[in-house]
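In the text below, chain A, chain B and the rest are named by the order of the sequence lines, each starting its count at 1.
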There are 2 protein chains.
Amino acid sequence: MNIGDVAKRTNLRAKTIRYYEDIGLVTPLRDTNDYRVFRDSDLHKLTFLARARALGFTIDDCRALLTLYEDETRASSDVKEIANKHLEEIEAKIIDLQAMHATLTHLAQECAGDHRPDCPILEGLSGGDRNPSNEAG
Amino acid sequence: MNIGDVAKRTNLRAKTIRYYEDIGLVTPLRDTNDYRVFRDSDLHKLTFLARARALGFTIDDCRALLTLYEDETRASSDVKEIANKHLEEIEAKIIDLQAMHATLTHLAQECAGDHRPDCPILEGLSGGDRNPSNEAG
DNA sequence: ATGCAGGGTTCCAGTGAGGGGAAGGTCAAG
DNA sequence: CTTGACCTTCCCCTCACTGGAACCCTGCAT
């Protein structure tokens with residue numbers, strides 16, 4: 001199978017697949033014309049990678065997960081550890097974003113949003129009343 | 001004021017402040033020894049930038065906000081528009097992260113996490129049962 | 001045989017928002 | 001005069017790709 005077909009089946013872009021080969025995540029064969037030739041096993045790996053990336057795992061995590069995926073003697077605890085670590089990072093990001101959202105919503109609510117220059121958003125950013133992040137770091 | 005003092009007061013790193021000068025967000029004066037000399041107005045700008053960045057605004061948004069901040073004849077609607085656009089982006093990110101979190105939590109819950117190789121997480125990633133992202137794109 | 005569209009290949013450069021670190025100049029204190 | 005803490009510029013590195021140039025290959029119609 002050529003790279004274009006693999007791209008369609010995995011919903012990855014050809015560029016991305018080449019990149020994944022570059023960094024050693026997959027190693028397709030080569031035809032006599034230098035075209036990449038993907039076996040079923042390559043397709044499985046790339047599908048796996050696409051799903052792991054869609055869940056937000058870093059490439060490094062994906063590499064580790066792929067190694068575990070291919071290791072029949074793995075311990076599921078190793079997989080779960082990676083997953084739990086990632087879950088914690090996701091939670092931290094959500095909390096950060098929710099804090100930003102709350103602060104910015106508060107500021108935006110107080111802003112008239114008309115032709116006048118008075119703007120509580122700018123006042124808040126310039127250090128006016130409330131602290132958008134942490135003042136005492 | 002030298003860059004180190006400004007860094008302490010703004011909670012920005014010296015590297016970041018130099019970068020902000022590089023991309024034209026601030027333009028401190030220079031002493032005879034080439035040291036940057038920051039005026040109060042520079043300090044205000046950098047404080048503003050630090051807060052805006054802490055709220056997740058991109059550098060481009062920060063530049064626009066800073067321009068509005070300095071423009072006494074601005075319309076607050078221009079500020080609010082940037083803020084609302086950013087709020088939407090934050091909301092979209094939160095939704096994405098929550099979806100990832102839900103899927104991964106579900107997979108992790110079903111994983112024993114012991115010495116055995118059986119792992120619903122890996123099965124889910126390899127395309128086993130549920131779709132982690134969108135199957136029909 | 002030729003033309004062309006639509007694959008494929010490599011390589012280089014850029015993204016955002018800085019970070020790391022080298023090599024060197026400057027300043028205040030002892 | 002030396003030490004250590006500053007400051008300067010410069011260049012490469014990050015992460016996970018993306019875009020584009022320049023070129024080769026394939027299949028089909030003419």
Figure out the CZ/P separation between A:Arg18 and D:dT18, and round it to whole Å. 12 Å

Please report, rounded to the nearest Å, how far the C1' atom of C:dG25 is from the CZ atom of B:Arg30. 14 Å

How far does OH of B:Tyr19 sit from CD1 of B:Ile59, to the nearest 0.5 angstrom? 5.5 Å

Do B:Thr73 and B:Asp71 meet the criterion of a side-chain donor-acceptor pair at a distance under 3.5 Å? yes

5'-most contact on DNA chain D: B:Glu21 or A:Tyr20, nearest heavy atom basis? B:Glu21

Distance criterion of 3.5 Å, no angle test: do you see the side chain of A:Tyr35 paired donor-to-acceptor with the base of C:dG7? yes

DNA chain D: A:Ile59 or B:Arg36, which has the more 5' nearest nucleotide? B:Arg36

Expressed as a whole number of angstroms, how long is the span from A:Asp5:CG to D:dT26:C1'? 13 Å

With a cut-off of less than 4.0 Å, is there a side-chain N or O of A:Thr16 near OP1 or OP2 of D:dT18? yes

For A:Ile3, which contact category applies under a 4.0 Å heavy-atom criterion: base, sugar-phosphate, or nothing? sugar-phosphate

Quickly work out the A:Asn33 CG to C:dG8 P distance and round it to whole Å. 11 Å

A:Arg53 CZ - D:dT18 C1' separation (whole Å): 14 Å

In this structure, how many angstroms lie between the C1' atom of D:dG20 and the NZ atom of A:Lys15, rounded? 7 Å

Euclidean distance, atom OH of residue B:Tyr19 to atom P of D:dC7 [Å, nearest integer]: 21 Å

In Å and rounded to the nearest 0.5 Å, what is the CZ to CZ distance from A:Arg53 to A:Phe48? 13.0 Å

Can you tell me how far P of C:dG21 sits from CZ of B:Arg13, to the nearest Å? 12 Å

Minimal non-hydrogen separation, A:Ile3 against A:Arg18, with atom names: CD1-CG, 3.5 Å

